[in-house]
Asker: 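Let me begin by handing over the structure; questions about it come next.
All residue numbers in this chain count up from 1 along the given sequence. Hydrogens, waters and symmetry mates play no part in the numbers below; they use all other heavy atoms, side chains included. Just so you know, these numbers come straight off a predicted model, no measurement behind them.
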Amino acid sequence: MTQVIWIVLAVLVTFSVGYLGYSKYLARFLELDNDNETPAHKYEDGQEYVPSKKPVLLGHHYSSIAGGAPIVGPITAGAIWGWVPALLWIAIGNPLMGSVHDFVSLSGSLRHEGKSIGYIVGEYVGEGGKNMLLWFAFLTIILVVGVFALVVAIVFDAYPQVTTASTVYIVLALLLGVYLYQLNGPFLPGTIVFVTLVFAGVYAGIQYPFALFPAVGDASYPAGTLVLADVLGLGSGQWIPGASATNPNSAAWVPIIMVYAGIASALPVWVLLQPRDYLSSFLLYAGVGGSLVAVIVGTIFGTAATETGSLVIADSMGAFNGFWGIEGAGLAPLFPLLFITIACGTISGFHSLVSSGTTAKQLNKETDARLIGYGGMLGEGLLAAVALSTLAVAGFAESAAGGGIGNALPNFATGGGIIFTSLGIPQSFGAPFMALVLVSFLLTSTDTAVRLGRYMMEEIVGLQAGETSSGFNVGGGIRSTLGEIGRGRYTNPLVQAIPAYLMVISGEWLTLWALFGGANQLLAALALLTATVWLANWDDSKQLYSTGVPMAIMTTITILGLSWLAFYSNLYQNLIQGGAESTAAIASSVVQIVLALVLIGLALALVKKGYDNISTVRESYGGGAVEPSDD
């Protein structure tokens, strides 16, 4: 029997080497200097540009980047191809590619007034390249909002205890914001009190769960769950849009979560974003760090609530299931699909939006970027390792291996609950707690995504650093009105949420997940391209291998993956072989083919622009180092 601890040890070794060695080299290579004024200080406005303490900003950044994908991805990939290939991609790819991607994206934004990767690439390859990348990023954000809101709804439905606990910690975050920024309360005592109350909220959630609508079919809620629809006489909820695609309770939560994300994204960062992310980070650290400690303790002392007392990889979990994966997942080649499936646990383009969006606008000192950028991504890799460990402990049904979101959640919470028994924590507490950990990631990522979408549109439409727009100053023609609505603090969330909601209630949420995975990985390749172009223009002595090699790898993987999705999964299986039986399924396949081909074309066009710029600059460079951010 193979011990789960080998999964943990593998990532701890490679991640430690990466942070202590490679990230230190990158910090020198990028010339991080605390004498340089960061955008947070230069444009401080109390809204978006707010200098933040390193632990507070690390909490926000880590909470924002760690959504549901590093949990769903590794679990799905491990079930299909085996735990060994999934582990290798996480342990090796994260410190060499994903953490570099996040660190360099954050550092590049610092040198460009806190602007996004779209703005940066536009500085060197032209306005056309900038707009292409910004539109691509904005469309990716809409997919993120739809996918993450749906996953939160699924978690709330599966664990009503989490609904109460999440409500408690959001209220506590609002109070902490007032305490820190309006009352100027001392930081450490406030942290102790509010973090204690957050964990008390977990207990309150277990004692007083609530749901919006009754459970359907064979599903059931914990004893004592308050069902609001029963109290208010709203019926079974089958009238809720999208109820037939999921269930009434999940369908009802989706618009509520999107409304919450829109409101949270419009508030000044000190009101909710910073304090909420800081508090939730303690849940996340406890979930990830506690799981790692529990695996070690359970292995050494045999204290887990299992037959042997040890945490071993279940018999149903293969080490390597072959290049084509298990039969239950269909025809799924390990290359390139494993890499796209694991997604955020190793590298994620969404992180470049966070790094060059909210985080760069709040960084207090340049040297903080090493811990927050590189270290934060290693933290997400640890989450991916924990997710893989929960699957290893809980096992899986082969028929569920390709199920994605819906089947990843029970494995994560159930396996996590088993792991925590090593520390003497009952599984009845550990499983809901791990579900809360997942929700903490997702809620933060959802409203951060909406905020980032507004940043993208502000740059597309045109808004100077430090300026804001409400979205209500309409007039002056259709184009001006649409531009005002698109970039408005209060109107832009609607521009994102409406199409995201329509996609979710269509019942094609599996399509959303596939498109999100492809778009997200392609965005990572384009962010690395942007970093490579920046470095080439900065100084002809700068080596381009650290960003250029990962960029080439991710571009290749993504294009092959999207091609498989377009031509085999959709064109051949669904359209030619008749796998898509309904009109909606046929329409969905056509949309996927078109989107996949558009993404491939966009990637190739931007890579060509970047290559031409690098070639021209390196051939004609004739002087000393020039810092392009001064342009």
Side-chain angles (χ1 to χ4, degrees), residues 68 148-175 194 196-264 272 276 279-280 283-284 287 405-406 409-410 412-414 416-417 426-447 501 504-505:
F148 284 6
L150 178 61
V151 181
V152 173
I154 292 174
V155 178
F156 279 176
D157 178 65
Y159 290 93
Q161 309 96 312
V162 178
T163 307
T164 303
S166 299
T167 303
V168 169
Y169 97 79
I170 289 173
V171 172
L172 289 173
L174 292 169
L175 296 176
F194 279 91
T196 301
L197 291 174
V198 167
F199 280 91
V202 177
Y203 176 78
I206 293 174
Q207 296 299 314
Y208 306 102
F210 79 89
L212 297 179
F213 287 92
V216 297
D218 296 331
S220 63
Y221 296 140
T225 299
L226 173 65
V227 180
L228 296 183
D230 292 343
V231 176
L232 301 176
L234 299 178
S236 64
Q238 293 296 334
W239 49 271
I240 299 291
S244 60
T246 53
N247 61 59
N249 193 49
S250 295
W253 275 119
V254 170
I256 294 175
I257 294 161
M258 289 185 176
V259 169
Y260 155 79
I263 294 173
L272 179 61
R276 188 274 320 280
L279 289 178
S280 65
L283 286 174
L284 310 182
I405 296 172
L409 170 61
F412 182 71
T414 302
Q427 189 174 352
S428 60
F429 183 93
F433 173 75
M434 290 300 281
L436 177 61
V437 169
L438 176 56
V439 167
S440 300
F441 285 117
L442 290 165
L443 284 177
T444 298
S445 297
T446 304
D447 68 67
Y501 180 64
V504 168
I505 66 172

Asker: Between Y260 and I170, does the side chain to side chain contact (heavy atoms under 4.5 Å, CB included) criterion hold? Intermediate values first, please.
Answerer: CA-CA 11 Å; Y260 155 79; I170 289 173; 3.9 Å; yes
Asker: With sequence neighbours excluded, give me every side-chain hydrogen bond (donor to acceptor under 3.5 Å, both in side chains) pair touching residues 230-241.
Answerer: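 Every pair satisfying side-chain hydrogen bond (donor to acceptor under 3.5 Å, both in side chains) with a residue in residues 230-241: there are none.
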Asker: Measuring from atom CZ of F412 to atom CE of M434, what distance do you get when rounded to the nearest 0.5 angstrom?
Answerer: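 Rounded to the nearest 0.5 Å, the CZ-CE separation comes to 3.5 Å.
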Asker: What I'd like to find out is whether the side chain of Q427 reaches to under 4.5 Å of the side chain of T414, using heavy atoms alone.
Answerer: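 They are in contact (side-chain heavy atoms under 4.5 Å apart), so the answer is yes.
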Asker: So, using side-chain hydrogen bond (donor to acceptor under 3.5 Å, both in side chains) as the criterion, who are the partners of T163 when residues are at least two apart?
Answerer: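 By the side-chain hydrogen bond (donor to acceptor under 3.5 Å, both in side chains) rule, T163 matches no residue at all.
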Asker: Check A153 against V254 and note the closest heavy-atom contact, atom names and distance.
Answerer: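 Scanning both residues completely, I find the closest heavy atoms to be CB-CG2, 3.7 Å.
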Asker: Quick check for you: to the nearest 0.5 Å, what is the distance between L197 atom CG and L175 atom CG?
Answerer: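 These two atoms lie 9.0 Å from each other.
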Asker: So among D157, L234, L228, which one has a side-chain contact (heavy atoms from CB on, under 4.5 Å) with F213?
Answerer: L234
Asker: Please report the closest heavy-atom contact between Y159 and A413, naming both atoms and the distance.
Answerer: OH-CB, 3.2 Å
Asker: Side chains of V439 and V151: does their closest heavy-atom pair fall under 4.5 Å?
Answerer: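 Heavy-atom side-chain distance check fails, nothing below 4.5 Å.
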Asker: Decide yes or no for L442 and L438: does some side-chain heavy atom of the first lie under 4.5 Å from some side-chain heavy atom of the second?
Answerer: yes
Asker: So, does N249 use its side chain to make a donor-acceptor pair with the main chain of L212 at under 3.5 Å?
Answerer: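 Confirmed, N249 side chain pairs with L212 backbone.
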Asker: Check P160 against T225 and note the closest heavy-atom contact, atom names and distance.
Answerer: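 Minimum heavy-atom contact is CB-CG2, 4.0 Å.
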Asker: What are the two closest heavy atoms between G235 and A229, and how far apart are they?
Answerer: O-CB, 3.7 Å
Asker: Heavy atoms, side chains only, cut-off 4.5 Å: are S250 and F156 in contact?
Answerer: no
Asker: Compare every heavy atom of I206 with every heavy atom of P209, then report the nearest pair and how far apart it is.
Answerer: CD-O, 3.8 Å
Asker: Side chains of W253 and I256: closer than 4.5 Å at any heavy-atom pair?
Answerer: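 Yes, their side chains come closer than 4.5 Å.
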Asker: Answer yes or no: are there more than 12 heavy-atom neighbours, outside F429 itself, under 6.0 Å from its atom CZ?
Answerer: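 Buried by this count: over 12 neighbours within 6.0 Å.
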Asker: Do the side chains of M258 and T446 get nearer than 4.5 Å, heavy atoms only?
Answerer: no
Asker: Closest heavy-atom contact between P248 and V216?
Answerer: CD-CG1, 3.8 Å
Asker: For a 4.5 angstrom cut-off between non-hydrogen side-chain atoms, does L283 reach F199?
Answerer: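 With C-beta onward as the side chain, the pair touches.
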Asker: Can you confirm whether Y208 is buried at OH, in the sense that more than 12 heavy atoms of other residues, nucleotides or ligands lie under 6.0 Å from that atom?
Answerer: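 For Y208, atom OH is not crowded (no more than 12 foreign heavy atoms under 6.0 Å).
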Asker: So, do L172 and L279 sit near enough that their side-chain heavy atoms are less than 4.5 Å apart?
Answerer: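 Side-chain contact under 4.5 Å: yes.
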